[in-house]
Protein chains: 4
Amino acid sequence: MTPFTNRQLKIIDSAIELIAREGIQKLTIKNLSAKVGVTEGAIYRHFKSKIDILLNILEMFKENTESLSSKIRQEELPPIQQLHFLFKERFQQFAAKPALAAVIFAEEIFQNDNRLSDVIVEIMALTQKIFKEIIEQGQAKKEIRDDISSEHLSMILLGSMRFMVAKWHLSGFSYNLEEEGKSLWESIKKMIKK
Amino acid sequence: MTPFTNRQLKIIDSAIELIAREGIQKLTIKNLSAKVGVTEGAIYRHFKSKIDILLNILEMFKENTESLSSKIRQEELPPIQQLHFLFKERFQQFAAKPALAAVIFAEEIFQNDNRLSDVIVEIMALTQKIFKEIIEQGQAKKEIRDDISSEHLSMILLGSMRFMVAKWHLSGFSYNLEEEGKSLWESIKKMIKK
Amino acid sequence: MTPFTNRQLKIIDSAIELIAREGIQKLTIKNLSAKVGVTEGAIYRHFKSKIDILLNILEMFKENTESLSSKIRQEELPPIQQLHFLFKERFQQFAAKPALAAVIFAEEIFQNDNRLSDVIVEIMALTQKIFKEIIEQGQAKKEIRDDISSEHLSMILLGSMRFMVAKWHLSGFSYNLEEEGKSLWESIKKMIKK
Amino acid sequence: MTPFTNRQLKIIDSAIELIAREGIQKLTIKNLSAKVGVTEGAIYRHFKSKIDILLNILEMFKENTESLSSKIRQEELPPIQQLHFLFKERFQQFAAKPALAAVIFAEEIFQNDNRLSDVIVEIMALTQKIFKEIIEQGQAKKEIRDDISSEHLSMILLGSMRFMVAKWHLSGFSYNLEEEGKSLWESIKKMIKK
DNA sequence: GATGAATGAGTTTTCATTCAT
DNA sequence: AATGAATGAAAACTCATTCAT
């Protein structure tokens, strides 16, 4: 939605990488500007504050989540396959940009400021809502077991996904996330299918 | 193991609460000493550095995890009940001290320093190992389904637990974690039982 | 004397208003350029530095003071009426452009730089000299009391004028300066007439 | 009222002198700490912000004004002598601490921040009120002329005092303020006496 | 004439830590 | 044990100015 300039994209990217590699405490304007290759003041020509940079990272992710969700709704796949698609897509995105995974699942990072933590809560709620709705369709169509609430099923799906990503991050992105994710999905599918 | 003085316990407690309520970025010696009720310098009589305080928090949690695990091993319960016990116990601990939950599952907090992140990795590995072993016993005894690897089953268990705790934290600890946890456990049990 | 371009006049005007409304500390090239409606760099097409802008404001006021004074000298009015004219004229100018009043009587603003404070001293000396000379004429013509030195009489005249303007500024220009000034003049006239 | 520590007094004093000598724009924490002889951070152990320092300077002056006024009321002098006393006292104070004069009459300095400008307005109103009340007593007792309002008389008194102090400041404190002030008082007395 | 990007020096403030008392 | 004062480094951000386009 927001059309970023190249410089802004560079800054956002550098910020994500800095956080992923060294934690938010290392996301300082000094480190960031060094990574971008400009002086500290120059950053402020592109974002009005450090919080603003973080806000844009989250906003980008939120918009991406929304567009993924509407893309799926259009495709008219059976619910299980919709879940599979979302699962795969997310793991693919994270594998392509590991830093993003590290940032997006570390809510603590954004606890700092209300504007940030609000967006985090929104993203989390939105994501779970998307999964829940698909699961409920699946339950209605008898594709997905209905002896367990959609709330719990979505929690199990998202929870295990997050856990895998967190471990992957802590391991220094040392294995192939997409493969492991695919294998995890197979297990989950077995558990939730009717 | 480490015999803490009362002052040390007070400091550790205050630190955990500060982090839980406002994020690590608010864990400063100034804020901490104000919460404890002493001057800044006084903190250094009890811990040799800020990292040292965080290290002790993690160490405490790690020891607690270890003692929980050995307690279970002595009790000779059937595997499913062992899992139930661990699940319940953890949720109870977190409900009793919400701040701890907020801190312990937020690995990002400790990414700052290698000594810290090493302990985080150890704790995560240890926890998953405990769950995996019990699950494997359960599979051997035909109590737990064996068409899904113990690796994945433990991921699903731990992942959904972490997810629930994370949501609870983000919601401002606004609901009864123990009850929700109990209900989640029932769902998980249904899914993993043979 | 100095023939300003339209852009230069706009910049000077905006600068005066910025200072009057928010203080010199808010007179930054960024704020100024925003008010003028151009980018920061553009300002430097019209003035070679920020000090240069301030210098021109003072120079304008000084020239205005000089022309007022020579206008009066030509008109050959009785001294008391000359004073009245100056008094009225100044209050009229300030009422018409409140911002100018706020700036011109706030010597502190220009203490920053020697080139500026020198002009301030010149303006102050010039103004007092103009008043003193008229008063001395009045004393020679027995129109104005001569039991008090022209130095003191001019101080009282200028001092009370400045005080009224300062209060008006601090009150947010909340009352009619011209009327209040007229009334003050009546009082002063009573006090200085022979 | 507020019992300042020695360090705080030193800081306040240094701040006043810095402003008087070079203007507020030179009152930076860096310059201030250098003058005090400590590092920049050290200032913050004694005042919580730069504004706080300025606020305390004004508050000190305000309290001083109040105590002067109540001292006078107790002494039961004839109104003209009360005015004389206040006049003398103020000029004495300024002569003793020139920097204070430079700061206190330069309202612009404090336009920066609402908390500051509010106190400035209060001080100005308080001072004029004190003078006005004495003048009104004098008018009631037929000591002071009543063909001119107490409002205008106080404006003339305070205005000429401020003007003299401003000139003295701009001249680099180059003459004896107390003597000049005494002489000005004599002129003013002549003008306001009945 | 004007823009957009940048710089280098500066701003206020906070931080973890030390140390004499 | 604890305080109060201090330090040196670093934080986020702002400023006047320059310059290629």
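Not measured: the values here are computed from a predicted model. Here is how names work: the chains are called A, B, and so on, in the same order as the sequence lines, proteins then strands, and each is numbered from 1.
- With values rounded to the nearest 0.5 angstrom, A:L116 atom CG is found 10.5 Å from A:E59 atom CD.
- A:E108 contributes no side-chain N or O that, together with a main-chain N or O of B:E108, makes up a donor-acceptor pair within less than 3.5 Å.
- In this structure, the side chain of C:K97 does not engage the main chain of C:E17 through any donor-acceptor pair within 3.5 Å.
- A distance-only check finds no donor-acceptor pair linking the side chain of C:E22 to the backbone of C:I19 [under 3.5 Å].
- DNA chain E forms stems at E:2-21 with F:2-21, each a run of 3 or more consecutive Watson-Crick or G-U wobble pairs whose two key distances fall under 3.5 Å.
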Residues C:F94, C:F173; criterion ring pair (Phe, Tyr, Trp, His ring centres under 6.0 Å); working and verdict: CA-CA 10 Å; C:F94 289 150; C:F173 307 117; over 10 Å; no

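- Ranking F:dA2, E:dA6, E:dG1 by closeness to the A:T39 side chain, first place goes to E:dA6.
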Base-contact (B) and sugar-phosphate-only (S) positions in nucleotides 13-21 of chain E, heavy-atom cut-off under 4.0 Å, - elsewhere: BBSSBB---

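- Using modelled atom types, no side-chain atom of A:N64 and backbone atom of A:M60 make a donor-acceptor pair closer than 3.5 Å.
- A 6.0 Å sphere centred on NZ of A:K35 holds more than 12 heavy atoms belonging to other residues, nucleotides or ligands.
- Comparing C:R7 and A:G37 along DNA chain E, the residue whose closest nucleotide (by nearest heavy atom) sits nearer the 5' end is C:R7.
- To the nearest 0.5 Å, atom CD1 of residue D:I43 and atom CD1 of residue D:I11 are 4.0 Å apart.
- For D:N31 (side chain) and D:K26 (main-chain N/O), a donor-acceptor pair under 3.5 Å exists by modelled atom type.
- Checked by atom type and distance alone, the side chain of B:H169 pairs as donor or acceptor with a backbone atom of B:A20 at under 3.5 Å.
- For the pair C:H46 and E:dA2, the criterion of a side-chain N or O lying under 4.0 Å from OP1 or OP2 is met.
- Using a 4.0 Å cut-off on heavy atoms, none of the residues of residues 8-20 of chain B approach DNA chain E.
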